[in-house]
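To keep things clear, I will list the structure first and then write my remarks on it.
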Amino acid sequence: MSKSIKLKNNTYIDSTGVAHNKKTLSKMITDVNGGTDGGICTKRIVYSCNLNDLASYGSGLYLAYAPCKNSPRDSDTGLHWAVLQINYAANFCIQMAFNIHSQKGIYYRRDVDGAWESWQTIL
């Protein structure tokens, strides 16, 4: 059984030296990873990437910082993107990309059997 020391503001330090507010370390890790109810959090932040390569990382939300190849606006490589990706199988992936800058636009594309379709504008 672990022991803890109570500090100010209901903060505790447990026997492993972790400070927390009445949360177990496993609960804190679960919360950071999106929770047990399917919540979403950033899976990975990537710099100077090729958005095609995200398919190998699995489903999740990615922050892709410029320059980004194979982005919806590939000619404007200075843009940053939030990419929501869903992998159904080894040979099927869907990406939705949102521009982090003020430019409007939501874009969508699929990778079927290793062949990426062109980006389509949704909004």
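None of these values were measured; they are calculated from a predicted model. Throughout, numbering of the chain's residues begins at 1 and tracks the sequence.
- Listed by first then second residue, pairs satisfying ring pair (Phe, Tyr, Trp, His ring centres under 6.0 Å) with a partner in residues 104-123 read Trp81-Tyr107, not counting sequence neighbours.
- Taking Glu117 as the reference, Arg110 meet the side-chain hydrogen bond (donor to acceptor under 3.5 Å, both in side chains) condition, with sequence neighbours excluded.
- Between Cys68 and Leu79, the closest heavy-atom pair is SG-O, 3.9 Å.
- At least one side-chain heavy atom of Asn70 sits less than 4.5 Å from a side-chain heavy atom of Arg109.
- With rounding to the nearest 0.5 Å, the separation of CD1 in Ile86 from CG in Leu61 is 11.0 Å.
- Asn87 is linked by a side-chain hydrogen bond (donor to acceptor under 3.5 Å, both in side chains) to Gln85, counting only residues two or more places apart in sequence or in another chain.
- Summarising the geometry of Ala97 relative to Pro72, their closest heavy-atom pair is CB-CG, 3.8 Å, with the distance given to 0.1 Å.
- Atom OH of Tyr88 is surrounded by 12 or fewer heavy atoms from other residues, nucleotides or ligands within 6.0 Å.
- Smallest separation of non-hydrogen atoms from Leu51 and Cys49: CD2-SG, 3.7 Å.
- Note that CG of Asp111 and CG of Leu54 are 11.5 Å apart. Values are rounded to the nearest 0.5 Å.
- At a threshold of 4.5 Å between non-hydrogen side-chain atoms, the residues Leu63 and Ile100 count as touching.
- Only one option out of Tyr65, Phe98, Tyr62 pairs with His80 in a ring-ring contact (aromatic ring centres under 6.0 Å, His included); it is Tyr65.
- With rounding to the nearest 0.5 angstrom, the CG atom of Asn99 is 6.0 Å from the CZ atom of Arg73.
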